[in-house]
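Shown next, in structure tokens, is the structure this report addresses.
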Number of protein chains: 2
Amino acid sequence: MRKENSTNAINEQILNSICSTAHTFSVIGGRWKPSIIYQLLEGKMRYHELKKNIPGISERVLVLQLRELENDLLVERIIYPEVPPRVEYQLTPLGKTMTDMLQHLSEWGSMHRRHMKVHREEKEMVLADKG
Amino acid sequence: MRKENSTNAINEQILNSICSTAHTFSVIGGRWKPSIIYQLLEGKMRYHELKKNIPGISERVLVLQLRELENDLLVERIIYPEVPPRVEYQLTPLGKTMTDMLQHLSEWGSMHRRHMKVHREEKEMVLADKG
DNA sequence: CCGTATCCAAATAGATACTG
DNA sequence: CAGTATCTATTTGGATACGG
């Protein structure tokens, strides 16, 4: 139950309408969405496969994130009217346009991580010298 | 006061260490960081200029975000020992490596927004036809 | 199998008064 | 000027029992 008129919600809307980058983050940011999208880049996947392949995610959160991705037209939900029920998720064409961007994000991330690691090690060296 | 051992914090750490994209998000994601970085892409800026140019941000949040960016080696804080005090913020060289990525994110965001707009309008057309 | 519903824990955001 | 401290509001995340 989200208050639509909280300062918080208003700020979010304003920023997203002004800044495309903020919009992008609100669409694919968050803790779990990148993982979900990565899974689906491989192809269609069933609910349980997703849950299995994303360790630590709870059912509630998985469903919430999938619904948001659906609303943002990035993911499609296909229901097979069978018993036992079967549901598959797959990226829409719009969803697939994220591939390059994700690649970029991932590369920058590992570059940054390496940089941070070096920086930490240098600091430890200095401390060791002093001690 | 953040509990370091909460399931939440652990999940975050694990994900960031596995997935570079998640790492990138944790570094430049969040509501305000893109805006701050955009401001600093223009050049150095003082605390109050930042606050003025980012409408809606509170002091507390601005400082928190700046400190995180500092710890992630993206922003540098320069203190001039004067009275009245003067502090300037600027991007580090590492911070400037984000430029291309941000450009990418921004372009994808506006593309996605256009797509969503068209989709909404189509839905309204259908509703209008029915009514 | 594929989820909802519920309840609680934790994190984040905001306003604002105060300080060196 | 450039923050910190404090208090509260709001959102997000997690575990898990249950339902179609």
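So you know, we letter chains A, B, ... as the sequences are listed, proteins then strands, and number each from 1. All values below were derived from every heavy atom in this structure, side-chain atoms included, with hydrogens, water molecules and symmetry-related copies excluded.
Through direct or indirect side-chain contacts shorter than 4.5 Å among Ile, Leu, Val, Met, Phe, Trp and Tyr, B:Val83 is connected to no other residue.
Listed by chain and residue number, A:Glu121 satisfy the side chain to side chain donor-acceptor pair (under 3.5 Å) test with A:Lys117 (two or more places apart in sequence, or in another chain). Shown here are the salt bridge (Lys or Arg N to Asp or Glu O under 4.0 Å) partners of B:Arg67, two or more places apart in sequence or in another chain: B:Glu70. Checked against salt bridge (Lys or Arg N to Asp or Glu O under 4.0 Å), A:Glu82 has the following partners two or more places apart in sequence or in another chain: A:Arg86. Under the side chain to side chain donor-acceptor pair (under 3.5 Å) criterion, B:Thr21 pairs with A:Tyr38, not counting sequence neighbours. Applying the side chain to side chain donor-acceptor pair (under 3.5 Å) rule to B:Gln65 yields no partners; only residues at least two apart in sequence or on another chain are considered. Every residue two or more places apart in sequence or in another chain that forms a side-chain contact (heavy atoms from CB on, under 4.5 Å) with B:Gln90 is listed here: B:Lys44, B:Glu76, B:Ile78. Residues forming a side chain to side chain donor-acceptor pair (under 3.5 Å) with A:Asn11 (at least two apart in sequence, or on another chain): none.
What separates CD of A:Glu12 from P of C:dT12 is a distance of 15 Å, to the nearest Å. If you measure from atom CG of B:Leu15 to atom C1' of D:dG14, you get 14 Å, rounded to the nearest angstrom. One can place CZ of B:Arg77 at 9 Å from C1' of D:dA2, the figure rounded to the nearest angstrom. As rounded to whole Å, 18 Å separates atom C1' of D:dT12 from atom CZ of A:Arg67. Taking atom CG of A:Leu62 as the reference point, atom C1' of D:dG14 lies 13 Å away to the nearest angstrom. Distance B:Leu64 CG to D:dA2 P: 18 Å, rounded to the nearest Å. Between B:Ile10 atom CD1 and C:dA10 atom P the separation is 11 Å, expressed in whole Å.
Atom CZ in A:Arg77 sits 8.5 Å away from atom CG in A:Leu66 (nearest 0.5 Å).
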Between the protein and nucleotides 13-15 of chain C, are there any N/O to N/O pairs under 3.5 Å, and if so, what are the atom names and distances?
from   : atom 1 : to      : atom 2 : distance (Å)
C:dA13 : N7     : B:Arg60 : NH2    : 2.9
C:dG14 : OP1    : A:Asn11 : ND2    : 2.4
C:dG14 : OP2    : B:Trp32 : NE1    : 3.2
C:dG14 : N7     : B:Arg60 : NE     : 3.4
C:dG14 : O6     : B:Arg60 : NE     : 3.0

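Phosphate contact (OP1/OP2 of C:dA11, side-chain N/O of B:Ser6, threshold under 4.0 Å): present.
Listed in residue order, the members of residues 85-92 of chain A having a heavy atom less than 4.0 Å from DNA chain C are A:Pro85, A:Arg86, A:Val87, A:Tyr89. If you check residues 34-55 of chain B against DNA chain D, the residues with a heavy atom closer than 4.0 Å are B:Arg46, B:Tyr47, B:His48, listed by number.
A salt bridge (charged side-chain N to carboxylate O under 4.0 Å, His left out) check over residues 47-65 of chain A, counting only residues at least two apart or in different chains, returns nothing.
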| How far apart are the C-alpha atoms of B:Thr24 and B:Met101, what are their side-chain angles, what is the distance that settles it, and do they pass the side-chain contact (heavy atoms from CB on, under 4.5 Å) test? | CA-CA 10 Å; B:Thr24 303; B:Met101 186 175 60; 4.1 Å; yes

